[in-house]
Amino acid sequence: MRPDTPADHTTEAERLLRTAAQYPEDQEPLLLQAAAHLELSGDRPRATHLYDTLLSADPSQPHLIRALKAANLWEYGHEAEARAIIEGVRASGPLDAASWEIVAETLESHDELESSEEIFSEAARLLMRSVKDVREVPHPTRSLLTSRHRVRRMLALPHDDWDTLADALHTADVPLDELHDPKRLWSLGSSDPAELQAEITRLRSELGSYRTALSRPFPVAVLHWPEAELDELLASYPELESEYPTYRAHLTDIEASLRELAQAGTPNLGIVPATVPSYEAFAASEASSPANADLLPQYATTLAARGRALAWPPARGAACWCGSGRTYGECHGSE
């Protein structure tokens, strides 16, 4: 069974370490897998020790191991050391795409998109020199070009030749421009193919309106959990019942909160519809539990920043934000 909890990952790491001791000829790949499981278990210092063990033994993939070590170090507060390792990997100019991709994605994950794009582009220049036929681009380099496309999309940079090549090499039905839409990237963390397909379908239908939304100032927004989503949320995380005692109270609180903000002079107010899968994906991205109520305002802010907010108040003749089917003036606008 695939490990799902920190304890499961620790157990799997220990199994791999025992196997590595029995088969020293396969030690490098086994220790790399063990280090990955230790990272997932939260034991990042021990993972760093494994990377150091590998580097002291003349490994076959030193640049890759250093890149992985840098990514791990940054995650538990050793940013300066991680940066130094990243610069060392960059200066060495490795010819394996994975090393470049890991260090660039480390910067990307810490919102240093410009630096990430610089490293991706530097890697592309180096790795594409040996490619004579674009139809024969190695898979690791294709992956790097795709990741570069994603970062450049988030930076709103115009397509260049390598972006066009990444598009051409991409064989899925959904174009890279849609797949890498900045408003959707954070919510595509699920490993469930059905959830991913549903998100892609929504992206296709809503792309136009999201582009319009991005042209507006980001609103101050509050969460609206549709009734079915709220039921699922509380069934999965009963710790949040104090935040949402009933669905009716939830709707009343939304309208009251927004009116209070409006009276205080807060501009650009909005409501963001929430779903349990996207909230769980957001919580995972924050390395926290969805039961943590402190995540709720952060989730609302992130949704708003991704263009998901609906402007409040609606026109009195427009449909109410709550989804009742009545106009706003007949529904919450009449309160």
Side-chain angles (χ1 to χ4, degrees), residues 61 63-64 66-68 70-71 74 86-87 89-193 195-208 210-211 213-215 281 285 305-307:
Q61 304 178 85
H63 302 303
L64 175 65
R66 289 191 182 95
L68 290 167
W74 201 324
I86 287 172
E87 286 306 310
V89 171
R90 186 177 183 180
S92 65
L95 294 178
D96 63 301
S99 301
W100 287 102
E101 190 164 8
I102 289 167
V103 297
E105 287 186 341
T106 298
L107 292 164
E108 176 192 357
S109 69
H110 293 280
D111 296 323
E112 299 199 12
L113 296 180
E114 290 83 1
S115 296
S116 176
E117 195 276 336
E118 287 178 9
I119 289 180
F120 271 127
S121 296
E122 184 177 342
R125 284 192 292 272
L126 177 65
L127 298 172
M128 291 298 291
R129 286 176 188 167
S130 60
V131 176
K132 304 303 182 184
D133 186 339
V134 294
R135 294 170 297 181
E136 298 177 358
V137 177
H139 178 76
T141 304
R142 292 188 183 205
S143 176
L144 183 140
L145 291 174
T146 299
S147 296
R148 178 179 180 272
H149 181 287
R150 178 185 65 247
V151 170
R152 289 174 59 82
R153 183 83 166 81
M154 288 191 285
L155 288 168
L157 295 174
H159 271 203
D160 62 9
D161 290 343
W162 285 327
D163 288 325
T164 301
L165 176 58
D167 279 328
L169 295 173
H170 181 67
T171 57
D173 292 337
V174 182
L176 280 186
D177 275 348
E178 291 190 24
L179 192 62
H180 291 165
D181 190 309
K183 303 180 294 301
R184 291 297 190 184
L185 284 175
W186 74 271
S187 63
L188 290 173
S190 171
S191 60
D192 184 338
E195 290 178 1
L196 292 173
Q197 184 57 53
E199 190 65 21
I200 290 168
T201 300
R202 286 193 291 271
L203 184 149
R204 283 179 171 276
S205 64
E206 298 167 7
L207 188 60
Y210 285 173
R211 283 175 174 157
L214 278 179
S215 66
S285 73
R306 304 303 184 191

Exercise. How would you list, by chain and number, every residue that makes a salt bridge (charged side-chain N to carboxylate O under 4.0 Å, His left out) with Asp133, sequence neighbours excluded?
Worked result: Arg135
Problem set entry | CZ on Arg153 to CG on Asp177, rounded to 0.5 Å | 5.0 Å
Exercise. Hey, does Val103 have a side-chain heavy atom less than 4.5 Å from the side chain of Arg90?
Worked result: no
Exercise. If you round to the nearest 0.5 Å, how far is OG of Ser115 from CD1 of Ile86?
Worked result: 9.5 Å
Exercise. Does Glu112 have any side chain to side chain donor-acceptor pair (under 3.5 Å) partners at least two apart in sequence or in another chain, and if so, which?
Worked result: Arg83
Exercise. To the nearest 0.5 Å, how far apart are CG in Leu144 and CD in Glu101?
Worked result: 5.5 Å
Problem set entry | Closest contact, heavy atoms only, Leu107 versus Ile119 | CD1-CD1, 3.4 Å
For this session: Go through the steps to decide whether Arg142 and Leu165 satisfy the test side chain to side chain contact (heavy atoms under 4.5 Å, CB included), and finish with yes or no.
Result: CA-CA 9 Å; Arg142 292 188 183 205; Leu165 176 58; over 6 Å; no
Seminar exercise, completed: Residues Ala98 and Leu64: closest non-hydrogen pair is CB-CD1, 4.0 Å
Exercise. For the atom pair CG (Leu145) and OG (Ser121), what is the distance rounded to the nearest 0.5 Å?
Worked result: 9.5 Å
Exercise. Is there a donor-acceptor contact under 3.5 Å linking the side chains of Ser116 and Glu105?
Worked result: no
Problem set entry | Partner set under salt bridge (charged side-chain N to carboxylate O under 4.0 Å, His left out) for Asp96, not counting sequence neighbours | none
Seminar exercise, completed: Residue set satisfying side-chain contact (heavy atoms from CB on, under 4.5 Å) with Arg129, at least two apart, ordered chain then number -> Leu126
Exercise. Mind checking whether Met154 and Glu108 have side chains closer than 4.5 Å, heavy atoms only?
Worked result: yes
Problem set entry | Listed partners of Glu114 passing salt bridge (charged side-chain N to carboxylate O under 4.0 Å, His left out), at least two apart | none
Exercise. Say you draw a straight line from OG of Ser147 to CD1 of Ile102; how long is it, rounded to the nearest 0.5 Å?
Worked result: 10.5 Å
Exercise. Taking only residues at least two apart or on different chains, which pairs with a member in residues 158-167 satisfy salt bridge (Lys or Arg N to Asp or Glu O under 4.0 Å)?
Worked result: Arg148-Asp160, Arg148-Asp163, Arg152-Asp160, Arg152-Asp163
Problem set entry | Residues which pass side chain to side chain donor-acceptor pair (under 3.5 Å) with His63, listed by chain and number, not counting sequence neighbours | Ser92
For this session: Write down the atom of Ala97, the atom of Pro140, and the distance for their closest heavy-atom approach.
Result: CB-O, 3.5 Å
For this session: Drop me the distance from Glu122's CD to Leu127's CG, to the nearest 0.5 angstrom.
Result: 10.0 Å
For this session: Hey, could you give me each pair passing ring pair (Phe, Tyr, Trp, His ring centres under 6.0 Å) that has a residue in residues 95-151? Not counting sequence neighbours.
Result: Trp74-His110, His149-His159, His149-His180
